[in-house]
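Comments concern the structure below.
Every value quoted in this text rests on a predicted model; they were computed, and no experiment measured them. Convention: sequence-line order gives letters A, B, ...; per-chain numbering from 1.
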Amino acid sequence: AQSVAQPEDQVNVAEGNPLTVKCTYSVSGNPYLFWYVQYPNRGLQFLLKYITGDNLVKGSYGFEAEFNKSQTSFHLKKPSALVSDSALYFCAVRASYNTDKLIFGTGTRLQVFP
Amino acid sequence: DGGITQSPKYLFRKEGQNVTLSCEQNLNHDAMYWYRQDPGQGLRLIYYSQIVNDFQKGDIAEGYSVSREKKESFPLTVTSAQKNPTAFYLCASSPGRGYNSPLHFGNGTRLTVT
């Protein structure tokens, strides 16, 4: 069965520093991976996805993610964090080849300090 | 603008009462989903529908019911059989099967049952 793991409940980073939010996955077949962000009491917003091709995927708000097949990882990164990036981040994997249904990780809270 | 509307934003009910959460989309998407979000557990799939008049159980369907009579609407009923109904409920949609499209989310309904 497909699954994702986000090993960190919270990540703290100073504004202006680079940030990384970790995600590892387990799939049978090709992985289809997604990152979402959630602000308080709101729905999830799509950031980026990896389907195939270049291992470095660029997304919204300056975020990018690096797909690493050998390490089964899909870490979210940003070169310079902003206080406004503080939010809850979810990694997700598509459940099967014939559906857009997603399986989500437990989320990582990113706190960026001024 | 196209999007997903969930109503109401907050809902309070007494234990033993059924309650229906509304989800409407004007994105012309075929597929719709209901997820439940609890702190520290990420998002868990309740039900999904890939086409009108058809729906499938997700991972935690017990105590919930849905209908899909119209393409744009996918209401969720939380029945009195659901043992822990207090949660944040998120509705999502996508174009359909295997298009690798991200899910689009509504802003959620926070249900409190006392």
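- Residue Leu76(A) is not grouped with residue Tyr36(A) when hydrophobic side chains (ILVMFWY) are merged at heavy-atom distances under 4.5 angstrom, including chains of intermediate members.
- Note on Ile4(B): it does not cluster hydrophobically with Met32(B), by side-chain heavy-atom contacts below 4.5 Å among ILVMFWY residues.
- Of the two parts of Leu44(A), the backbone and the side chain both hold a non-hydrogen atom closer than 4.5 Å to a non-hydrogen atom of chain B.
- Asn41(A) and Arg110(B) get closest at one heavy-atom pair: OD1-NH2, 3.1 Å.
- Here the closest heavy-atom approach between residue Pro102(B) and residue Phe46(A) is recorded as CB-CD1, 3.4 Å.
- Residues Val112(A) and Val37(A) share a hydrophobic cluster, clusters being chains of Ile/Leu/Val/Met/Phe/Trp/Tyr side chains in contact below 4.5 Å.
- The candidate from Asp38(B), Leu43(B), Leu45(B) with the greatest count of non-hydrogen atom pairs under 4.5 Å with chain A is Leu43(B).
- For Gln37(B), the part lying under 4.5 angstrom from a heavy atom of chain A is the side chain only.
- Within 6.0 Å of atom CD in Glu62(B), 12 or fewer heavy atoms from other residues, nucleotides or ligands are found, so the atom counts as exposed in its surroundings.
- Annotation: Gln10(A), atom CD; neighbour count of heavy atoms from other residues, nucleotides and ligands within 6.0 Å is above 12.
- Most heavy-atom pairs under 4.5 Å with chain A, from the set Tyr48(B), Tyr35(B), Phe105(B): that is Phe105(B).
- One hydrophobic cluster, built from ILVMFWY side chains closer than 4.5 Å, holds both Phe63(A) and Tyr50(A).
- Only the side chain of Leu90(B) comes within contact range of chain A, with heavy atoms under 4.5 Å apart.
- Ile46(B) and Leu21(B) fall within a single hydrophobic cluster, where Ile, Leu, Val, Met, Phe, Trp and Tyr side chains are chained together by heavy-atom contacts under 4.5 Å.
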Evaluate side-chain contact (heavy atoms from CB on, under 4.5 Å) for Phe34(A) paired with Leu103(B), printing each intermediate quantity in order.
-> CA-CA 10 Å; Phe34(A) 300 79; Leu103(B) 301 189; over 6 Å; no
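- For a residue to count as touching a neighbouring chain, one of its non-hydrogen atoms must lie under 4.5 Å from one of that chain's; by this rule Tyr39(A) does not touch chain B.
- Counted within 6.0 Å of NZ on Lys22(A), heavy atoms from surrounding residues, nucleotides or ligands total 12 or fewer; the atom is thus considered open.
- Annotation for Phe113(A): atom CZ counts as buried by contact number, over 12 foreign heavy atoms lying within 6.0 Å.
- Minimum heavy-atom separation, Ser101(B) to Lys49(A): CA-NZ, 4.3 Å.
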Go through the steps for Leu102(A) and Tyr33(B) under the test side-chain contact (heavy atoms from CB on, under 4.5 Å), then give the verdict.
-> CA-CA 10 Å; Leu102(A) 293 180; Tyr33(B) 312 80; over 6 Å; no
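- Proximity to chain A is absent for every atom of Tyr89(B), based on heavy atoms less than 4.5 angstrom apart.
- The nearest pair of heavy atoms linking Gln38(A) to Phe88(B) is NE2-CE2, 3.6 Å.
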